[in-house]
Amino acid sequence: MRIERVVDAYLRHVTVERGLSAHTTAAYRRDLEDYRRWLHGEGVDDIEAVTPSVTSAYLAARAGAEPAPAASTLARVQSSLRGLHRFAVAEGMAPADPSARLRPPKQVARLPKALTIAQVERLLEASSVLEEGAGDDAALAALRDRALLELLYATGGRVSEVVQLDVDDLAGGGADASDDPDELPVGAVRELVRLRGKGDKERIVPLGSFARAALDAYLVRARPILAVRGRATPRAFLGLRGVPLSRQSAWLVIQRAAAAAGLDVAVSPHTLRHSFATHLLQGGADVRVVQELLGHASVATTQIYTLVTVDSLRDVYATAHPRAR
């Protein structure tokens, strides 16, 4: 069977049957289209003609490209290839899996960069500071930005999870069905929020008082005004034109707040997620609780944050103990 037909069938499979996100599917599509073009250049157009030496040669070509790809990129490419060939065998499109013996490239463990608690507080405060003479739109944006950043830090949610939240996920019909929405004050934000993660898996995360207060202020004072500017949408976070806030727009919100706070470190939505996990562990939280809050499938993924806290303990010891130096 022609490679392009197998690729199309596989992408439909991961989208419809496995429910992978549009972002993940797009990455698979890019990887497999590059793979198909390379195979065509090598005179291989049928899935049955792909051999283990062919898949190894392709990965070697990718590894030798300029600029050199990161180990994480090569690992993702290899995952795309293995998924495609396993699917082809399972569906009877190919007799054998030529990628079965591939081994993932060794990745250098990189510790996530977390802000200090003081830096997070500066970032959050800066997000809602208005310049003198700022107009109504600036005030609306400040309420929204503070709520967005408080929620990212309070939940450790991925930016895609947070911008996809609906109003009902936050107030009057969201995370805890046992609460009676009719008994909640107007705009009242629940103490729990439901986040939808990778593979549409749901998890419940508590909200602290600071995040609830910021969300209350945004939902009552800003969102109703923004909502009438665009088409009706259940999304909680809106742009100034009333359309749902995008991941890219949320990234810009953080960049503006970081600049206003005078932070001299790189800050992204994932920085707040890293900070959330690191600060919980530093405060004594169990790693499996943090795993659940982050939505990690494996505790091994969460354990990288324990390295961060051990690193900070080492630094404190080195500077504080009289015989450490």
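Everything quoted here is computed from the prediction, not taken from an experiment. These numbers come from the heavy atoms of this one structure, side chains and all, not from hydrogens, waters or symmetry mates.
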Is a side-chain N or O of E48 found less than 3.5 angstrom from the main chain of M1, in a donor-acceptor match? yes
Can you tell me how the ring of H279 sits relative to the ring of Y153, calling it parallel under 30°, perpendicular over 60° and tilted otherwise? perpendicular
Is a side-chain donor or acceptor of H85 paired with a backbone partner of I47 at a separation under 3.5 angstrom? no
Which ILVMFWY residues can you reach from L252 by hopping between side chains whose heavy atoms are under 4.5 Å apart? W251
Are V89 and V6 grouped together when hydrophobic residues (ILVMFWY) are joined by side-chain heavy atoms under 4.5 angstrom apart? no
If every non-hydrogen atom of Y28 is compared with every non-hydrogen atom of L11, which pair is closest and at what distance? CB-CD2, 4.0 Å
Among R203, R194, R247, find the one that has a salt bridge (Lys or Arg N to Asp or Glu O under 4.0 Å) with E161. R203
For a 4.5 angstrom cut-off between non-hydrogen side-chain atoms, does L294 reach F276? yes
Euclidean distance, I204 CD1 relative to E292 CD, rounded to 0.5 Å: 9.5 Å
Under 4.5 Å between any side-chain heavy atoms of D45 and R2, yes or no? yes
If two hydrophobic side chains count as joined below 4.5 Å and joins carry through other members, does L81 share a cluster with V44? yes
Worked check of salt bridge (charged side-chain N to carboxylate O under 4.0 Å, His left out) between E150 and R146: CA-CA 6 Å; E150 288 279 6; R146 179 62 179 263; 2.9 Å; yes
Mind listing the closest non-hydrogen atom pair of L123 and A258 along with its distance? CD1-N, 3.4 Å
Return the CZ to OG1 distance between R29 and T24, rounded to the nearest 0.5 Å. 12.5 Å
Point-to-point distance, once rounded to the nearest 0.5 Å, from OG of S127 to CZ of R144: 10.5 Å
With heavy-atom distances below 4.5 Å as the criterion, would you say the side chains of V167 and R223 are in contact? yes
Can L143 be reached from L238 by stepping across I, L, V, M, F, W or Y side chains whose heavy atoms are under 4.5 Å apart? no
Tell me whether Y218 contacts the main-chain N or O of A236 through its side chain, where contact means a donor paired with an acceptor under 3.5 Å. yes
For S80 versus Y10, what's the shortest heavy-atom pair and its separation? O-CE2, 4.3 Å
Keeping the roles fixed (side chain from T55, backbone from S99), state whether a donor-acceptor pair exists under 3.5 Å. no
Testing the basics here: between L102 and S56, what is the closest heavy-atom pair and its distance to 0.1 Å? CD2-OG, 3.8 Å
When you look at CZ of R5, are more than 12 heavy atoms from neighbouring residues, nucleotides or ligands closer to it than 6.0 Å? no
Got a donor-acceptor contact below 3.5 angstrom from the D169 side chain to the D166 backbone? yes
So CG of D31 and CZ of R76: to nearest 0.5 Å the spacing works out to 4.0 Å
Tell me if a side-chain donor or acceptor on R273 pairs with a main-chain N or O of G156 at a distance below 3.5 Å. yes
Can you check whether L215 reaches L207 side chain to side chain, under 4.5 Å on heavy atoms? yes
With side chain to side chain contact (heavy atoms under 4.5 Å, CB included) as the criterion, how do L149 and L152 come out once you've worked through the C-alpha distance, each side chain's angles and the decisive distance to 0.1 Å? CA-CA 5 Å; L149 298 192; L152 283 167; 4.1 Å; yes
Any side-chain heavy-atom pair from I3 and V50 closer than 4.5 angstrom? yes
Note, R62 side chain near Y35 side chain (heavy atom, < 4.5 Å): no
Counting C-beta onward and ignoring hydrogens, is there a side-chain heavy-atom pair between Y58 and D34 closer than 4.5 Å? yes
Go through it in stages, so that I can follow the logic: the residues are V7 and L84, the test is side chain to side chain contact (heavy atoms under 4.5 Å, CB included), and I'd like the CA-CA distance, side-chain angles, deciding distance and then a yes or no. CA-CA 7 Å; V7 169; L84 174 72; 4.1 Å; yes
Shortest non-hydrogen contact from A154 toward A211: CB-CB, 3.6 Å
Nearest heavy-atom approach of P206 to L192 is CA-CD2, 3.8 Å
Taking R235 for the side chain and Q164 for the main chain, is one N or O donor matched with an acceptor at less than 3.5 Å? yes
Rounded distance [0.5 Å steps], CD in E4 versus NE2 in H40: 9.0 Å
Transitive ILVMFWY cluster of V159, excluding itself - 4.5 Å side-chain cut-off: V163
For the pair S79 and R82, evaluate side chain to side chain contact (heavy atoms under 4.5 Å, CB included) and give the outcome as yes or no after the intermediate values. CA-CA 5 Å; S79 176; R82 294 190 67 180; 5.9 Å; no
For the CZ atom on R288, are there more than 12 heavy atoms of other groups (residues, nucleotides or ligands in this structure) within a distance under 6.0 Å? no
As a quick check of understanding, evaluate side chain to side chain contact (heavy atoms under 4.5 Å, CB included) for L165 and L195, giving each step before the final call. CA-CA 7 Å; L165 282 170; L195 295 177; 3.9 Å; yes
Exercise answer: donor-acceptor pairs, residues 259-272 side-chain atoms, under 3.5 Å, sequence neighbours excluded:
residue : atom : partner : partner atom : Å
S268    : OG   : H270    : N            : 3.3
S268    : OG   : T271    : N            : 3.4
S268    : OG   : T271    : OG1          : 3.2
T271    : OG1  : S268    : N            : 2.8
T271    : OG1  : S268    : O            : 3.3

Basic-acidic side-chain contact under 4.0 Å: E33, R36: yes
At what distance, to the nearest 0.5 angstrom, does CG of D46 lie from CG of L39? 10.5 Å
Looking at side-chain heavy atoms only, is the closest gap between L226 and L240 below 4.5 Å? yes
Under a 4.5 Å side-chain heavy-atom rule over Ile, Leu, Val, Met, Phe, Trp and Tyr, are I254 and F210 clustered together? no
Are V162 and V243 joined in one hydrophobic group, where the rule is that I, L, V, M, F, W and Y side chains link up if heavy atoms are under 4.5 Å apart? no
